[in-house]
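What follows is a short report on a single structure.
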Amino acid sequence: MKIKEILDKNGRTPDKLISSLLEYQKTTLCNYLTEDDLREFAKETGIPLSRISSVASFYSLLSTESRGRYIIQVCYDVPCYVNNSVNIVKELEKNLGIKMGQTTEDETFSLEFSSCLGCCDKAPVMQIGETLYGNLTSEKIASILDKYRGEKDE
Ligand code: FES
């Protein structure tokens with residue numbers, strides 16, 4: 001879906017900006033917003049480019065850098081941290097062969113830290129796309145990732 005179509009549907013007021021940026025980002029091949037995309041949002045909404053750029057760089061679900069098809073966000077706030085999110089991070093890095101903040105060479109997965117994902121009772125928690133995974137253990141990571149690898153090959 002093009003930017004104009006999304007804004008026609010959602011509206012062009014500042015309170016709709018983040019949801020429209022997120023919706024558009026999902027349609028991009030590498031899960032990120034280019035400078036040209038941000039310029040078009042500015043032109044279409046009348047919101048200054050500097051403000052749109054700030055939103056895009058501040059809001060953790062938005063990115064201005066190329067990322068993988070699946071963004072894996074690992075919660076690193078205190079409840080998850082004390083429930084061994086460190087081990088989850090180690091297992092993800094080992095399985096994918098990348099470090100946090102990096103994207104796999106085939107551009108399938110990106111690894112990112114996240115603040116609280118809103119379900120601390122299931123700590124440790126990670127999110128892939130819009131799906132939350134809680135009560136994680138190192139042993140669960142491989143089968144979760146394989147599911148996404150399977151989707152990619154379909
Ligand atoms: S602290 Fe991890 S989900 Fe809330």
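Each ligand, and each atom within it, is numbered from 1 in the order the structure gives.
- One hydrophobic cluster holds both L145 and I88 under the rule that ILVMFWY side chains link at heavy-atom gaps under 4.5 Å.
- Ring planes of Y76 and Y81: perpendicular class, angle over 60° (limits at 30 and 60°).
- Contact between I52 and F41 at its shortest, heavy atoms only, is CD1-C, 3.7 Å.
- Using a 4.0 Å cut-off between a side-chain N of Lys or Arg and a carboxylate O of Asp or Glu, K2 and E44 do not qualify as a salt bridge.
- Here the protein contributes C116 SG, C120 SG as N, O or S atoms under 2.8 Å from atom 4 (Fe) of ligand 1.
- If you take CD1 on I141 and CD on E93, they are separated by 11.5 Å, rounding to the nearest 0.5 Å.
- Residues L62 and L22 form a side-chain contact, since some pair of their non-hydrogen atoms from C-beta on lies under 4.5 Å apart.
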